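See structure below.
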Amino acid sequence: MNESLERLLARLEGPMRERTESGLERTLGARAADDGILDLCGNDYLGLSRHPAVVEGAREAVRTWGASSSASPLLGGYKVLHAELEEALCRWADFPHGLVWNNGFAANSALLGTLPGKDDVILADRLVHASMLAGALRSGAKLVRFPHNDLESLERLLERERGVKGCLWVATESVYSMDGDSPDLGRLAELRRGHGFIWVLDEAHATGWHGPTGAGLAEEAGVGREVDVLVGTLGKALGSAGAYTLLREPLLRRTLVNHAAEFIYSTYLPPSAAGAALEAVRRARALGPAGRAQLHGLSRAWRAAVGRRVAGVPDGVSPIIPVVLGDTQRVLDCAAAMRGRGVWVGAVRPPTVPRGGARLRVSLRAGLGVAELGRFLNALEEGLR
Ligand SMILES: Cc1ncc(COP(=O)(O)O)c(C=O)c1O
């Protein structure tokens, strides 16, 4: 071991010990393919990742295109299959231009890291995903965060930043990943009309679950046309992997293709993921308004059932139910006890959520029935004991 490596290990040791001692160390556990667990942890909201047609979409893509795209997009990795996926996503959410990415983290960090400049101001909800912050922080723009879903605060900031030299940006999600709640998108659209900002909307957790065709919450709220850049992921309700940005201005797409390092310098999304996603978009659309209404009913029913056992469970229809217990150790113990009963929910602790906000994150999936609800509630009661 040389001196540099010794110094590095010495430097890492303290912070990691602190994490372990405060019960906040993140550890990996590898799961078996068929572990019989009731999975209320993943984001496969429509259950498409194992849908035979989606799996066949991946297989067919591998047969036709091979197991890898084998290159970065500008050096041959961008195939007709990727272009077809882009077109399908544009048609779905009614945008003229789209770009597919290897994952949502790359899409968000590239978008906000590449397009805003040093004279710009980015107003971001306090709870936007880490990928948006990563981009915003390196963009050189001034980043101001407003209290979660507080559009009055946002309006005050918009007034304050009225004289900005560059561009004004607003970054929000439509369904927040750890809270499962949403801002008033109608009001955001109104604010955009009044203040002329560029609206970046991350629909990662709304795609498939919201909107008459499943295109997202902007579609459901009738404000799709007001969104300047819509970000969606392929690895959640679409049961595959990857992400997309949908854009109204072709110059934004050209700029990303030319300047976004995440796009340019990485082997492109594997054909299997693109093929699966293409099929998943068809399945998600086919669900229709009635299918979506059923999903929202499922969310209401599960929230009501959990709310009878734990205080503070918010109303809503999204697929994410936060069960905030507050204390980190209590969350860990509860989730472990539930796992012991074959039920897996997310145990989410700071810094992923604010201090004092440790929670179980229960994510729903199409097809969950009375039996699963019963199994979950039994495990939850045991966990809370
Ligand atoms: C709101 C939001 N945006 C973006 C991402 C990143 O997407 P991906 O998992 O495809 O990197 C996530 C979560 O993973 C998310 O919750």
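Atoms within each ligand, like the ligands themselves, are counted from 1 in listed order. Nothing fancy with the numbering, it's 1 onward along the sequence. This one's a predicted model, so the numbers in the text were calculated from it and none came from an experiment.
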Any nitrogen or oxygen of Phe105 lying under 3.5 Å from a nitrogen or oxygen in ligand 1? Just yes or no. yes

Closest protein heavy atom (residue, atom, distance) for atom 2 (C) of ligand 1: Asp202 OD2, 3.4 Å

Would one find more than 12 heavy atoms of other residues, nucleotides or ligands at under 6.0 Å from atom CZ of Arg282? yes

Considering only the protein, which heavy-atom contact is closest to atom 10 (O) of ligand 1, and what is its distance? Gly104 N, 2.7 Å

Which protein heavy atom lies closest to atom 16 (O) of ligand 1, and at what distance to 0.1 Å? His205 NE2, 2.6 Å

What class does the angle between the rings of Tyr45 and Trp209 fall in, given that below 30° is parallel, 30 to 60° is tilted and above 60° is perpendicular? perpendicular

Heavy-atom side-chain proximity of Asn102 to Glu262 below 4.5 angstrom: no

Under 6.0 Å from the CZ atom of Arg355, do we count more than 12 heavy atoms belonging to anything else shown? no

Structural part of Met132 in contact with ligand 1, heavy atom criterion under 4.0 angstrom: neither

Test side chain to side chain contact (heavy atoms under 4.5 Å, CB included), reference Leu247, set Val227, Asp228, Val229, Thr255, output is Val229

Give the atoms of ligand 1, by number and element, whose distance to some non-hydrogen atom of Glu173 is under 4.0 Å. 1 (C)

Heavy-atom neighbours of Asp315 CG exceed 12 at 6.0 Å: no

Cation-pi, Phe95 ring and Arg248 (6.0 angstrom, 45 degrees): yes

Have a look at ligand 1 and work out which part of Ala204, if any, has a heavy atom under 4.0 Å from it: side chain, backbone, both or neither. side chain

Of all the atoms in ligand 1, which lie at a distance below 4.0 Å from a heavy atom belonging to Ser177? 16 (O)

Distance to 0.1 Å, residue and atom name: give those for the protein heavy atom nearest to atom 5 (C) of ligand 1. His129 CE1, 3.5 Å

Ring of Trp199, cation from Arg192 - is the NZ or CZ under 6.0 Å from the centre and inside 45° of the axis? no

For Asn108, counting its heavy atoms only, list the atoms of ligand 1 lying under 4.0 Å from any of them. 3 (N), 4 (C)

I want to know if ligand 1 touches Thr233 in the polar sense, i.e. an N/O pair below 3.5 angstrom. no

Should you measure from each heavy atom of Asn103, which atoms of ligand 1 turn up under 4.0 Å away? 10 (O), 11 (O)

Can you classify the ring geometry of Tyr78 versus Tyr268 as parallel (below 30°), tilted (30 to 60°) or perpendicular (above 60°)? tilted

Which residue and non-hydrogen atom of the protein lie closest to atom 14 (O) of ligand 1, and at what distance in Å? Lys236 NZ, 2.9 Å

